[in-house]
Protein chains: 2
Amino acid sequence: MTARRSADQIHAALSAQIVSGQLRPGDPLGESALAGLFSLSRTPVREALQRLAAEGLVERGPRRAFVVRRMTPEALRDLFEALGEVEALCAGLAAQRMTAIARAELAQIIDSDSGDHAGYATLNARFHDALRLGAGNRVLAAMLEDLNRRSMPWRNAQFQASARRMQSSRQEHRAILQAIAAQDGDRAASLMRDHMATSLAVVLQMIRARG
Amino acid sequence: MTARRSADQIHAALSAQIVSGQLRPGDPLGESALAGLFSLSRTPVREALQRLAAEGLVERGPRRAFVVRRMTPEALRDLFEALGEVEALCAGLAAQRMTAIARAELAQIIDSDSGDHAGYATLNARFHDALRLGAGNRVLAAMLEDLNRRSMPWRNAQFQASARRMQSSRQEHRAILQAIAAQDGDRAASLMRDHMATSLAVVLQMIRARG
DNA sequence: TCGGCGCCATATGTATACATATCGCAAGCG
DNA sequence: CGCTTGCGATATGTATACATATGGCGCCGA
């Protein structure tokens, strides 16, 4: 079901490279250069870049050129806070709305945590999917997906810098899931806020260390 | 400060027409037709439509043609709920973060409510601005602005259908502002949820009446 | 030597021509 | 008579040429 439109392919490729850190903040994204790279014309490249800009992954630089988005500490604070609050919101809604079946699936996700590094990405994805679907609101789900995508580069970098953080993050996720399964929305929301605050602190410290 | 880029002008014009109801849900937005209307080529028209699609104001129809977005009752429910929750969130943050000066401005907004129909739009805008700025988070502010824009057509229609609703809506806003000024975040959030629930009910009833 | 001014290189913005996919309609077959 | 299938019109998707603005860089003058 991979889209066959060229613009979609470029968008997906650039998005993946930005989120994975292959393209770093500030890197230039010239239309002609990308067109040459993908062996396409500038038109679909423009569409892809405009979509990435709308999603907040790239921004306009000098000469209105596109560059991979740079984030100030203040912007990162706002982004992580927003992500935490919306996730807390969804966690609370999920706690009160999830069906018995959905809760069973949640428990299964918790149990499937084998503890190895390789499985963390998929486990993390299932964690967020459970939240989005559990809340039962497509608009909130879309917002959460968007915030997740925008914060992904920084959260990934967080784990690349220190493997120990991955362990603590996993434990925090586990506690949140258990609170949701126990239908304790307030506790889930509170844990989520703490989780995001901790993540932000790690990211900011990492940025300071790098300069 | 009107943008001189053609794509921006088209985007602004179409956005205004959609939000004001001049263009109704389902109306076709052919690229060539719009290009002729604005005496421009299809390229800037495409950019404008893509941005509108990213903002959720237009969607893809048959032949991948753009049409003004149609909303099912379920989608409207999700949209209004999301708007209510995010506004409640911002109201809560504003209640605990706003400075004394900002609270004074808030009180001034409440007092400036002369009660006439003409002033409602600007009063409403100041209400939402106070919320966005008071929360002190640019990401949440952008999300709120986006949700407001997307729901604007329906909220406007709500008032066109019954002038009485405008009075009650104004009173609800007033109560919310007072709760924020009193730094009672929980009460402000709760009132906001009720406010959006009432608005949604009015809109849904209106849609049913129209068919 | 330093600062300002102007040219030029190169990027994006726009226009237009061409390629291609899709939907509607109609005709033919079962 | 209804369903299927193929054709054709028309829309979007893509490529490319041209217009235009901007930032860098060098020259010239004080």
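So that the names make sense, note that chain A is the first sequence line, chain B the second, and so on, each numbered from 1.
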Subject >> Length of the CZ-C1' vector between B:Arg60 and C:dC23, whole Å >> reply: 16 Å

**OP:** Looking only at side-chain atoms of B:Ser41, point me to the closest of D:dT16, C:dT16, C:dT12.
**Re:** C:dT16

Original post:
OP1 or OP2 of D:dT22 sitting under 4.0 Å from any side-chain N/O of A:Arg64?
Top reply: no

**OP:** Take the protein atom CG of A:Asp8 and the nucleotide atom P of D:dG13, then report the distance between them rounded to whole Å.
**Re:** 9 Å

**OP:** Identify which nucleotide among D:dT22, C:dA17, D:dT16 has an atom closest to any side-chain atom of A:Arg63, counting heavy atoms from C-beta outward.
**Re:** D:dT22

Original post:
Rounded to whole angstrom units, what separation is found between the CD atom of B:Glu31 and the C1' atom of C:dA15?
Top reply: 14 Å

Subject >> Contact summary for B:Asp78 and A:Gly136, nearest pair of heavy atoms >> reply: OD1-O, 4.0 Å

Original post:
Between A:Thr43 and D:dA15, is there a side-chain N or O to OP1/OP2 distance below 4.0 Å?
Top reply: no

Subject >> Residue of the set B:Arg155, B:Glu172, B:Arg165 for which side chain to side chain donor-acceptor pair (under 3.5 Å) holds with B:Ser199 >> reply: B:Arg165

Original post:
Under 30°, 30 to 60°, or over 60°: which ring-plane class applies to B:His173 and B:His195, parallel, tilted or perpendicular?
Top reply: perpendicular

**OP:** Measure from CG on B:Leu29 to P on D:dT12 and round the result to the nearest Å.
**Re:** 10 Å

**OP:** Quickly work out the B:Glu47 CD to C:dT12 P distance and round it to whole Å.
**Re:** 13 Å

**OP:** Just jot down the salt bridge (charged side-chain N to carboxylate O under 4.0 Å, His left out) partners of B:Arg126, sequence neighbours excluded, or say none.
**Re:** none

Original post:
CG of B:Leu40 versus P of C:dT16: gap in Å, rounded?
Top reply: 10 Å

Original post:
From D:dT12, D:dC18, D:dT14, pick the nucleotide closest to the side chain of A:Arg42?
Top reply: D:dC18

Original post:
Nearest of D:dT14, C:dC23, C:dA11 to any side-chain atom of B:Pro62?
Top reply: C:dC23

